[in-house]
Amino acid sequence: MAPATINHTGSRRLLARMRDVMAGEGADPAKLDRIVTLIAGDLVAEVCSVYVQRAGEVLELFSTHGLAISAVHRTRLRVGEGLVGLIAAQARPLSLDEAQDHPNFAFRPETGEEAFHSFLGVPILRGGRVLGVVAVQNVTPRNYSEEEIETLETVAMVLAELVAGGGLVSRDETRMVDGIGMLPLRMEGMRLNPGLAIGQVVVHEPCIEVRKLVAEDPEAELQRLRLAVDDMHGALDTMLENSEGEHRDILETYRMIAEDAGWLTRIEESVASGLTAEAAVQKVQSDVRARMNQVSDPYLRERVHDLDDLANRLLQHLTGDIHLVGVAEGDSDIILVARSLGPAELMDYDRDRLKGLVLEEGSPTSHATILARAAGIPVVGRVREAFGRIEEGDQVILDGDHGQLFVRPSDDVLTAFMDTMEIRSRRVAAQAALRDEPAITRDGIEVELLINAGVQADMTHFAETGADGVGLYRTEVPFMARATLPNVEDQTALYGRVLDLADGKPVAFRTLDVGGDKLLPYWDPGEEENPAMGWRAVRMSLDRPMLLRHQLRALIHAAAERELKLMFPMVTEVAEYDSLHDLLDMELRRAQKRGVPLPSNLSVGVMLEVPALAFQLEALLPRINFLSVGSNDLFQFLFAADRGTPLLADRYDVLSPPALNFLRSLLLQGNRAGVPISICGEMAGKPLEAMALVALGFRHLSMSPAAVAPVKELIRSMELSPVARYLRSQLKGTDHSLRERLRAFALDHGVAL
Ligand code: PEP
Ligand code: MG
C-alpha cells in the first residue's frame, strides 16, 4: 500500500457522522440501521450490509441498506461460506468487481442481491477476533479504491464497538464461553517448559478500554501519538540499560521492532483517517492479530507477538496508565494466563510469585518462553480458548511435563499433585547433589554428558548443569533472534562469550543450520514443497559460501588460541564435506596471513543426519575428528516421517530394531576407525533412550540442559553389562517397539528412570 496517495477527507467526514449517531438517542439496532445508510451514501454504494457473528460460527445479516429488508435476521452464513463467510474466516478484506464469478459466491435468493455486481467487504475485528463483516455492493462492475477499502476498515472499527457493546447480541455470544461455569476443567496444550506449579490465576489482559474513537482534531492526535512513541522508546531504553545477558539481547531486538517504520506509519495513517491515537493503535493491533492467525512461520509469529505487546505499551503511554499490568494484589503464587506475552511484559511480573505461565498462543521459540525457561518457570502453550475459560482468581495446577492444566481442581486432584510436587522436589535436590560427580555406571563405564545450547541463558546456567561441555551449539538461534544478519564482529563477540562461559570445557559449534523450519526474518529462501529436505544447512552454505566463510572467520577469531570444535550439519556426501573443508582452509590461511592467532587445537566434525552418509563412512571417518548423530533429522529421514507432524509423533519408535541397528552399525564403524561418535538429538536426553544408547555403546550424549541431572542419575544407577546383553538379544526381533520391554527390564534391575 502507498499511504501517501490516500486522501482521508472521506473517512473523516463519515466518522464524524457516525460519532453523532453513536452519541445520539435510540437503541443499538436502530443506530446500526442509520450507520449502514450513512456508509452506503458515503461510499456511493447501492448496498451496505452488516453481518454479526453469532454463537456456533454463524454470520447473521443484522442490518442492510439496499438488500431486501425481509432477509435481516434470516440470511445466515457459516464462517467460510460465501464471500462474507470467507472474509470472516480469513479476517481479510475482499474486493471484487464481479462477485458472482468468485468460486465462494453463495447465492441467497431472499436478499435480492443478484442485481449487484461489485462487492467490497471487510471484517469487523476487535482484539484480533472477528465479530462480523461489513460489506458494500454496487450494480455496475467497479474496482474499489484503496481509499475506500481503508475507509470501510476504519468504520468497521467503530462498528466493532457497537457489536461488542451488547445491544445487538448478548455479550456472552461475542465472548466465547463454553457454558461449564465454575466446574473443574482439564485443558490441554503444548509442553513448552516442563515442571509443576500450583497457583492462582492472574489474567494478563493489558486491555485499556478505548472509549473515544473519533478524533476532534487529527493534527493534535498525531502530536499526542508522537509524544507517546517517544515516551515509550525512552522507557524501553531505560529497561535496556538495566538489563543484562539474555534479557538484554531480547530487549534489544524488541527495541528494534519498536522502531519498525511500517508499524508506526500504519498507526499514523489511521490517525490521519480520523481516529483518535488510541483507536488507531487498537485498529492496527487488531489487524496485526488477525493476520497473525495466517502466519505459519514460528519466528514471524513471535515478531507479531512483539508488535502486540508494543501496542499495549503504546496505549499505556497514551492513556498515562503505565504499569497497569503486572502488579497483582496479594502474596499468593501466580499462574499467569495470557493470550500472548511479550518479553518486557513477562518481566513486569514479580519473579518470586510467578510460578507458571499459560499461553493461548506461544511456541517453543517465543521470547517469553525462552525467558521463562531460563527462569525455570513451567509453561503450557497453545491452550485453546484459555482466555474465555479460565477466570481471574481461579486455582490452577499447571503440569508442564504433560502440557496440561487442571482448572479449579477438586480436593483429591490437588492432594495428588501436591504429593507429586513434593516427591519431585526431593528428587531434583538429590539429582543436584550429583552435579560434580561423574556419569559413571555401576560397572565403571564413564559417559560424557554434554548440553545442547543456543540461547545465551543455556550458557549462563551452564556451570549449574554439571555437564562436561557443549555437544551442540546451534549457531542459527542467535541469527534467528535478530532483525538483520549479524556481521563478523557481532558473531566474533557472541562466540567469544560462549567460549568464556564454557570456561575451558569444549563447545561444538554447529555451523548455520537454517532452512527447513528455521527461517531468518531477513532472508527469504522462497517457497519449497518440502523444506525439511530442501535448501537448508550446508546446502545453503555451499551455495552462499561467503555466509559460511564469515561465520568460520568469526569462530576462528573468537577461539583465539583456545580450542575450536566445529561441525557441519546435514552433510549428505563426502564430496560436500571436502568442499566445506576447503572453505575452512581458506579462512585458516587468511587468518594466518593476517597474523590472527589460530585456535590452539581445531577439531572438525560432521553431523550424521542424512542416511546416505552412513554408506560413505569408510571414506568420511578418516577425514574427520568426530561424528555427531542428529537423531531428530536422521530418524525423520530414515522412517520417512516428518518430525513436526503431530499425527506421526508416536508412529515409529526410535527404540525399535531398525533404528537401534542403524545406530549400532554407525558405532561399530566409528570404533573401527577410532573416531568418537556422539549423539545430540532429543532422544539422548530421555532417560529410557539414554539407557539404550549407552547400552549400544555411545559414550558421548548431548542433551537439553535440564536433562543432564536425570540422565546422570540414571547412568549412575545402572549396571551396563546386563542391559547391553539384554538389548543385543532384542535387536534381531521384528517388534514395532522395544520400549515397554526395556522399561520393564530397567525397573527390574533398579535403573532410575
Ligand atoms: C538433529 O537433527 O537431531 C539435531 C540435533 O539438529 P536440529 O534438531 O537442530 O535439527
Ligand atoms: Mg538437525
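Count residues from 1 along the sequence. Because the structure is a prediction, the values reported are computed rather than measured. Start at 1 and go down the list; that is how both ligands and their atoms are numbered.
Donor-acceptor pairing under 3.5 Å is recorded for the side chains of Ser737 and Asp653.
Without hydrogens or angle criteria, Ser600 side chain to Glu563 main chain gives a donor-acceptor distance under 3.5 Å.
If you number the atoms of ligand 1 from 1 as listed, the ones under 4.0 Å from a heavy atom of Gly681 come out as 3 (O). The contact set between ligand 1 and Asp633, taken as ligand atoms under 4.0 Å from a residue heavy atom, comprises 1 (C), 2 (O), 3 (O), 10 (O).
With the Mg ion (ligand 2) as the vertex, OE2 of Glu609 and OD2 of Asp633 span 100° to the nearest 10°.
Side chains of Phe639 and Arg651 form no contact here, defined as non-hydrogen atoms less than 4.5 Å apart. Side-chain atoms of Pro599 and Lys565, non-hydrogen and from C-beta on, never get closer than 4.5 Å to each other.
Residue-ligand proximity: Arg510 is placed with a non-hydrogen atom under 4.0 Å from ligand 1.
Proximity of Arg474 to ligand 1, defined as any heavy-atom pair under 4.0 Å, is confined to the side chain (atoms from C-beta onward). Proximity of Leu472 to ligand 1, defined as any heavy-atom pair under 4.0 Å, is confined to the side chain (atoms from C-beta onward).
Contact detail for Val358 and Ala386: the closest heavy-atom pair is CG1-CB, 4.3 Å. Residues Leu449 and Met703 come closest through the heavy atom pair CD2-CE, 3.9 Å.
At under 3.5 Å, a nitrogen or oxygen of Glu609, whether backbone or side chain, sits near a nitrogen or oxygen of ligand 1.
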